[in-house]
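Below you'll find the structure, written out as structure tokens, and then a few comments.
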Amino acid sequence: MSEIPEYIKNKRVIREQHFYRGNAACPGCPIPKELDLLLEVMGKKTVLVVPASCTTVIMGDERGSPSPVPVVHSPFAGAAAIASGLWRQLRMRGDTDAQVVVWAGDGATGDIGFSALSGAAERNENILYVCYDNEAFMNTGIQRSALTPYGAWTTTTPAGKREFKKPLPFIMMEHKIPYVATASIAYPFDYQEKVKKAKGIQGFRYIHLLSPCPPGWRFDSKYTIEVAKLAVETGVWPLFEVINGEFRLTSVSKTLLEKRKPVIEYLKLQGRFAKLSEEDIKVIQEAVDEMWEYIKQLVKK
Amino acid sequence: MIISRPKIGSAGLTGTWRVERPVIDYSKCTKCRLCVIYCPENTIDLLEGFDVRIDYDYCKGCGVCSQICPAKAITMVPEVK
Amino acid sequence: MLTEIILRGRGGMGVVTAGEILVKAAVKEDKYGQSIPFFGGERRGAPVVSYVRLSDEPIYMHREVINADLVAVFDSTLFDIVNVFEGLKENGILLANTRNPKRYWKKTFYVNAYDIADKLGLVMAGWRLVNTPMVGAIAKITGLISIRSVEEAIKETFEGKIGELNAEAARLGYEEVREVDN
Amino acid sequence: MLQITKRITAMVGNHAVAYAVKQAKPQILAVFPITPQTTMLEKLAEYIDSGQLKAELIKVESEHSAMASIYGAAVAGARVFTATSSQGLLYMTEMFYWAGGQRVPIVAAIATRAIAEPWSIWDDHQDFVSKRDAIWIMTMAENVQDAYDLTIQAFRISEDKRVLLPVMMGFDGFILTHTMERLEVLDDETVDMFLPKRDYNLIDFNDPVNVGPIVTPDNYIKYRYEAKKAMDRAKEVIEEIAKEYEKISGRKQYGLIECYMCEDAEYVFLAMGAWVGDAREAVKRLRSRGNKVGLIKIRTFRPFPKERLVEKLRSVRGVIVFDRAYSFGSGGVLASDVKSALYNSGIDVMSVIAGIGGKTVRPLHFEKVMEEVLEGKRFEERWLYE
């Protein structure tokens, strides 16, 4: 490659890949990086359980997998249960230091797999459940899910979704599990900090990761990080964690209790919100503000 | 038993997907490493002395690095001239 | 020789357990047995039925008994509400738990299992446990299994003191059962 | 010479299966309650809580999760078990195929029961046969003893390196699950000897693999062909294991099919499940009246014992197949399999559909149909619904 100077060409690589490059993710898709950051913290003694989703494809076919740790594929609704059984057996066979992580999309988490997720949380299974939320069934071609936000275009909501996003992190919080957190790929250290905390806790842990999707959200792939960042700065995606019932905002979200960027700044970058009316934007802004009023109460507690 | 094993390039040489290529102007690079942190595909290597290098075999050309580089040291140039 | 028995009682009386005790006792004597409970949503107080087959040879059939050699009625009030004689062979035996013995069938036996239960304090949640005296009575009438085996089977089914008392109840049933002669 | 030590006892079917499972020493179990299977779940919970079985019973929130969680445990090396029935079996369907496709050793007991609508908790085989293409070995018990014996053999068959397929053991709801019968049980040491420690595990942190990825169209069919070959090999393995079990139990075991009085038979019944006993009784009675009739019991439904059937039926004139399940728009499920096995043999195959949804079928019903056939009557399909 002519662009690389000779002295750079010969240098030694000092950072290991925790999730291998050259996988089947779309350009600009944050999933490989999200997995890399996760596995950097979780370590080699981790099993990933992956239900039907984009990651099913990203994990490659029988000729090779980008994951350096064991992966167990799951049908859509089975991940939390497969992980439950896996962990029980790992403990039974003496691998008590192993970690089982479910890596599931929003559809597998909030829709079809919700019963298994809720069941595993109720049983307080010793697993880390990460929902990488790209806000629709992206792998099948952008169909709405329960976690698609109000107003968003999808192939099954051509005029924009009329219902609000299912507030899953709060629903999981109400399961009274030891750890619940939200995270964003725009704040990788905050995310890794949360994974680290989750790793150190026994029982059911849940991390909800907002994961922008360039083709699904209709934005140029170079804006992945900007979009993720604006979701946080506008308050659409608050960063927080709940440890044994104690709620705490993290990272920049701590500074957003009173004042946030208007949601329009987040919405205008994405083609899926292109047809929103003034009224729609007002509705979304009000919903975000209302959520923050709720968060205020949680912070006070 | 249907299994596969870990492999770099499980989807082949994904560098061939690229329409635009990120090019680093090393004279502008401040070694801040944000491109390494944010490259979604993990194709920017961190080298000794905190230099960075793009692995063009696998870089899909998404452009995230050029967008987040605070020094504007990375530009996207068309692959086909 | 195959002997087929129908046990009739009310949900909660231990009719199914009685059938199982009979089978366990038969197996103790290296015989074969089969206890088929009423298949359905058993409800406390509702009439229920359980079928028992005892034999010296393997039993192949799996269906409810329709030609019984013996029908045992665990509660005399059942005479008024169900046809307890259904499925009883012409020359079969009717055994009733009753305080007022009558000749219900050509060959009728009776035992007062209520009093046996009262005497031994076998009352659970307001119900007299009449099933074990009935099992004792059946052992006596049929002569197929010894009261010893019945007692052992009962002690396996109920642990400790309850087992002892129920075994005692079965023995009393065995001793007190009588044929209605007139 | 092997000393056979066995204990004679009496148990209801559900408890007999639970007892066999306890002796097989699985590590992970997951069961969701459903009538008429539930008392087995309760017994297993009792074994575990009292320390008689050192295992974990995952109290899942659905049947789908029951199979999913034991699949996860099985992949990580556990001997596993689940049980279900009817609607639960249907709800588990997706995971059934998942486990079958990946060829993970798993044992499941199925208390067979009719499928709603309309609601019915009673016995037939419609739920069971609906899994015939899920790449599972399927066996069916005739009585409580059979259910116990088959459960123990199921673990061995499933984990055999030549097979590596999940096994489901069907036994009739209520008719066997709730019926108490005489039962001979093996002692624990004998079962230990018969069932070596499980040697199957895909989760090795030193050799991480991706379990069950997407495969290319070129290869998918190859994996399926491998599964087909495993099914074919299983026929031999099942018979071999049955022979071995016969030695340790002292009880005659029939691997794939049992022929009862069919040496010189002109007409035979063919059936699977608990009513085989009633057919047996009918054969006894018909024989006592001088009729040359017999009975074929299908013990292994998948792989379907085609070759054995052809071999045993060579000299009969007709087969009367009794089905408790129906393929709507086609015909009796077993009957179809038998017809295909006997294609071009010239043997008459007559199909009787009966016992659906718990409808009573007695030895008399078998006798009546056979008597008509002996008188020369022929039919393709007949429903006994009166």
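It should be emphasised that the depicted structure is a prediction, and the values quoted were computed from it without experimental measurement. Naming convention: chains lettered A, B, ... in sequence-line order (proteins, then strands); numbering from 1 in each chain.
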statement: When the 4.5 angstrom heavy-atom criterion is applied to B:Ile54 and chain A, the contacting part is backbone
statement: From the list B:Ala11, B:Gly63, B:Cys65, B:Pro40, the residue making the most non-hydrogen contacts under 4.5 Å with chain A is B:Pro40
message: Quick check for you: to the nearest 0.5 Å, what is the distance between B:Leu13 atom CG and A:Arg21 atom CZ?
response: 12.5 Å
Options B:Cys39, B:Gly49, B:Cys62, ranked by heavy-atom pairs under 4.5 Å with chain A, top entry: B:Cys62
Interface moiety of A:Glu226 toward chain B, non-hydrogen atoms closer than 4.5 Å: side chain
task: Taking all non-hydrogen atoms of both residues into account, name the closest pair between A:Ala25 and B:Trp17 and its distance.
output: O-CZ3, 3.1 Å
- line: Checked B:Leu47, B:Val64, B:Val52 vs chain A; the most non-hydrogen pairs under 4.5 Å come from B:Leu47
field: Interface moiety of A:Ile185 toward chain B, non-hydrogen atoms closer than 4.5 Å
entry: backbone
message: Looking at B:Ile37, is its backbone amide N or carbonyl O close enough to the side chain of A:Lys33 to form a donor-acceptor pair, meaning the two atoms are under 3.5 Å apart?
response: yes
query: Given a strict heavy-atom distance threshold of 4.5 Å, which part of A:Pro66 is in contact with chain B: side chain, backbone, both, or neither?
result: both
task: For each of A:Ile225, A:Asp220, A:Val57, tally heavy-atom pairs with chain B at distances under 4.5 Å, and name the one with the top tally.
output: A:Ile225
Student check: side-chain heavy atoms of A:Ile4 and B:Arg53 closer than 4.5 Å: yes
query: Is there a side-chain contact between B:Asp51 and A:Tyr7, using heavy atoms and a 4.5 Å cut-off?
result: yes
field: Gap separating the CZ atom of A:Arg15 from the CD1 atom of B:Ile44, nearest 0.5 angstrom
entry: 11.5 Å
- request: Determine the option with the most heavy-atom pairs under 4.5 angstrom with chain B, choosing from A:Val69, A:Val13, A:Asn23, A:Leu37.
  value: A:Asn23
field: Point-to-point distance, once rounded to the nearest 0.5 Å, from OG of A:Ser221 to NZ of B:Lys60
entry: 11.0 Å
statement: By residue number, those in residues 22-36 of chain B with heavy atoms under 4.5 Å from heavy atoms of chain A are B:Val23, B:Tyr26, B:Val36
task: Side-chain contact test, heavy atoms from C-beta onward, threshold under 4.5 Å: evaluate it for B:Asn42 versus A:Pro32 and give yes or no.
output: no
message: Between A:Lys11 (side chain only) and B:Glu48 (backbone N and O only), is there a donor and an acceptor less than 3.5 Å apart?
response: yes
Separation of A:Lys229 NZ from B:Tyr38 OH (nearest 0.5 Å): 5.5 Å
message: Rounded to the nearest 0.5 Å, what separates atom CZ in A:Phe19 from atom CD in B:Glu41?
response: 8.5 Å
Pick from A:Pro68, A:Pro70, A:Gly28, A:Pro30 with the largest number of heavy-atom pairs that fall under 4.5 Å of chain B: A:Gly28
message: Rounded to the nearest 0.5 Å, what separates atom CZ in A:Arg12 from atom CG in B:Asp45?
response: 12.0 Å
field: Residues of residues 1-10 of chain B contacting chain A, heavy-atom criterion under 4.5 Å, by residue number
entry: B:Ile3, B:Ser4, B:Arg5, B:Pro6, B:Lys7, B:Ile8, B:Gly9, B:Ser10
